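Order of the sequence lines fixes the chain letters, A, B, ..., with proteins taken first and strands second; residue numbering starts at 1 for each chain. The structure displayed is predicted, hence computed values, not measured ones. What's counted below: heavy atoms across the whole structure, side chains too, no hydrogens, waters or symmetry copies.
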Protein chains: 4
Amino acid sequence: MTERQLQIIHAALQLFAEDGVDATPTSKIAKTAGVSEGLIFRHFGSKDGLLKAILEYGGERVAAFYAKIANESQPKDILRQIIELPFSIDESEYDFWRLIYTLKWQRRTHLENITEQMLSLSSKAFNDLGYEAPELEAELLLIVLDGVATRALLTESYDMKTQVKNRLLKQYKLD
Amino acid sequence: MTERQLQIIHAALQLFAEDGVDATPTSKIAKTAGVSEGLIFRHFGSKDGLLKAILEYGGERVAAFYAKIANESQPKDILRQIIELPFSIDESEYDFWRLIYTLKWQRRTHLENITEQMLSLSSKAFNDLGYEAPELEAELLLIVLDGVATRALLTESYDMKTQVKNRLLKQYKLD
Amino acid sequence: MTERQLQIIHAALQLFAEDGVDATPTSKIAKTAGVSEGLIFRHFGSKDGLLKAILEYGGERVAAFYAKIANESQPKDILRQIIELPFSIDESEYDFWRLIYTLKWQRRTHLENITEQMLSLSSKAFNDLGYEAPELEAELLLIVLDGVATRALLTESYDMKTQVKNRLLKQYKLD
Amino acid sequence: MTERQLQIIHAALQLFAEDGVDATPTSKIAKTAGVSEGLIFRHFGSKDGLLKAILEYGGERVAAFYAKIANESQPKDILRQIIELPFSIDESEYDFWRLIYTLKWQRRTHLENITEQMLSLSSKAFNDLGYEAPELEAELLLIVLDGVATRALLTESYDMKTQVKNRLLKQYKLD
DNA sequence: GATGAATGAGCATTCATTCAT
DNA sequence: AATGAATGAATGCTCATTCAT
């Protein structure tokens, strides 16, 4: 990934997240990135190729996130880490996540396996902790965390983060 | 609202929800609705005018939803009704809600005041029921319900609905 | 010519003169005239048919103008009348003449024979008065009068009319 | 101004003059110029931008015309030059002038200040020559020259040019 | 006669993509 | 690698015209 390619990816990510993929012309990406329009196509083949590159680029970081969690052995630690997830998104990554969530509503994105992974991980943890219906609990936790992420990504300066997190940790007796 | 206008609205709603507003050409709407392309503009002025008409058309039903809840006097009934909300969406209305949720990520839509209304209603109910942090509880409930709706709208044949609902009713001691 | 037809003709004339024929939609004509759009086509067949009707409607008055002049027997009287022409246009007829002059630049209009008539009439008069080059004089007079009309039609509240007329009458020793 | 831009400008000028701006589709301009339709918009932004470019392009030559006259010191020379004006339009510039005169009847064009300049220049010249009513004379001269231009531009192979010019020079005792 | 809903061809404009340099 | 001129298909929209009532 060269310097020029990163410039393009960052510009596109920002614009895609802000205005939507369809509403962002490649000409605007080129201008924002400070490169010629042709270069986008030389490097990424097409606008869709660029989108895919962005998704992969961000996907790597998501994978890293998960590697950490899978390493934990204690079910309580696993749950704690999973709950931490949406609260630990750095603001520099908001654009990426906004894009992911936007795409969710239109085209299947690669996030599905992530959802599956998370469901199975937390389901197992709930089971280990003796919950009666671990799959249902896992489902509900997923729903809550997805909701949290949505609310945080869409609300400017969302300030209930910490309280929500503590309330969740308390609910699952992880504090 | 004439027959023809409804044809157009239904066709557009379906396509907008499926492919996104930007990715849906008016020509395709016309073909799907079985009318001439010009008619769209005669009736709705512009593509954006059509979108607004759809939002209003659906918005009326949302308002009706709320009218019911606001009438309840018992806090427990209010909460019960609010929780019922995402579970009672008829499949015939999925397109509308998918559109609403999609738009949320791109342009501010009129759903914000709905969010506010819901927060204040449930916050008051939680307060009446003696919850320690009623606003936090309301916030969390909103998040959960938003998450439920999202999951139901995006997952084909989502079959955990009932279990999730019961689990929630139980958590808030409403069963 | 029914009442309704006149309404349409007057509305169209005004709009055609103001914005140009091409830039005036039939819908605007209908609205201005206070009739339905369909009626225009029932009465005039097409937009072009309407234009032709306007031209004929106005053309009759032009023909009447000429009939008077042709009746004069004295060359001086003929010239005087011809010179009077552009100065005697009533403001209520400005729209019509503006339209005529506009059309001149795009499509041949029926005014050509008028020009020819005028040339031959004044040419004969100049000849009778012993001018050396009567055709040249006729040509020049035509040019001047056309210029006067243009200037008057395009200049709001053109106030040199009388002076210009007197100057012309004097030049041709008709005062 | 690149080669391609000139191709477009010439094609557009010809078509605008012939059929009128409104009646000339950009597709026809593109075809006539032998370029793609998109190129028109890349270079001129819009159809109106193209029209403005044409007007500026031609306007420079008009300005040059005037610079010459303003340099003359003798009133007789000034008048002679002004009278020369409409007779010295090269046939290659007919399209441009036809366009200018057409636009006069619909939208205010930049020719107004030219009219004003010409009026003040000739008015001063007439005054210097001791004419009784110099402003009236200037007005009349403008009218005549405008009429000459009109007649020449609208009449194919107008062959009285020289005679008219000589007649005018004689009338103002400039021969 | 009169209306106005409906049509569809045509228009200006945008934009992803190609390609010569 | 990099540019940016050039393309042309597709888009939202307009408008003269038709037709059922």
| message | Quick check: do D:T102 and C:T102 have side-chain heavy atoms less than 4.5 Å from each other? | response |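 D:T102 vs C:T102: side chains apart.
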
| Bracket notation of DNA chain F in which parentheses pair within the strand, [ ] cross earlier pairs, and | pairs with another strand (Watson-Crick or G-U, under 3.5 Å) | .||||||||||||||||||||

Partners of [X] by side-chain contact (heavy atoms from CB on, under 4.5 Å), sequence neighbours excluded?
X: A:S36; value: A:L39
X: D:T2; value: D:R4, D:Q5
X: A:E93; value: A:R61, A:I89, A:D90, A:W97
X: B:E56; value: none

| Looking at B:L154, B:D146, B:T150, which one forms a side chain to side chain contact (heavy atoms under 4.5 Å, CB included) with A:D146? |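 The single option meeting the side chain to side chain contact (heavy atoms under 4.5 Å, CB included) with A:D146 is B:T150.
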
| Identified side chain to side chain contact (heavy atoms under 4.5 Å, CB included) counterpart of B:F16 within the set B:L103, B:I54, B:D22 |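 Output: one option passes, namely B:I54.
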
| What is the per-nucleotide protein-contact pattern of nucleotides 11-21 of chain E, from the 5' end, where B denotes a base atom under 4.0 Å from a protein heavy atom, S denotes such proximity for sugar-phosphate atoms only, and - denotes neither? | SBBBSBBB---

Residues 26-35 of chain A side chain polar contacts: donor-acceptor under 3.5 Å, at least two apart:
unit_1: A:T26; atom_1: OG1; unit_2: A:E37; atom_2: OE2; d: 2.9
unit_1: A:K28; atom_1: NZ; unit_2: A:D19; atom_2: OD2; d: 3.3
unit_1: A:T32; atom_1: OG1; unit_2: A:K28; atom_2: O; d: 2.8

Rounded interatomic separation in angstrom, taking [atom1] from [X] and [atom2] from [N]:
X: B:L50; N: F:dT11; atom1: CG; atom2: P; answer: 16 Å
X: B:I40; N: F:dT14; atom1: CD1; atom2: P; answer: 13 Å
X: B:K31; N: F:dT11; atom1: NZ; atom2: P; answer: 10 Å
X: B:I29; N: F:dA10; atom1: CD1; atom2: P; answer: 17 Å
X: D:H43; N: F:dA6; atom1: NE2; atom2: C1'; answer: 8 Å

| task | In sequence, state the C-alpha distance, the side-chain angles, and the governing distance for C:V21 and C:K47, and then conclude on side chain to side chain contact (heavy atoms under 4.5 Å, CB included). | result | CA-CA 9 Å; C:V21 175; C:K47 190 179 174 183; 4.2 Å; yes

| said: Using the side-chain hydrogen bond (donor to acceptor under 3.5 Å, both in side chains) criterion, which residues pair with A:Y57? Sequence neighbours excluded. | reply: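 A:Y57: no side-chain hydrogen bond (donor to acceptor under 3.5 Å, both in side chains) contacts found.
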
| query | Which of residues 4-16 of chain B sit near DNA chain F, with a heavy atom under 4.0 Å from it? | reply |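 None - not one residue of the stretch has a heavy atom sitting under 4.0 Å from the strand.
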
| message | With a 3.5 Å distance limit and no angle check, can you tell me whether C:R98 reaches the backbone of C:L153 through a side-chain donor-acceptor pair? | response |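 Checking the backbone N and O of C:L153 against the side chain of C:R98, a donor-acceptor pair under 3.5 Å is found.
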
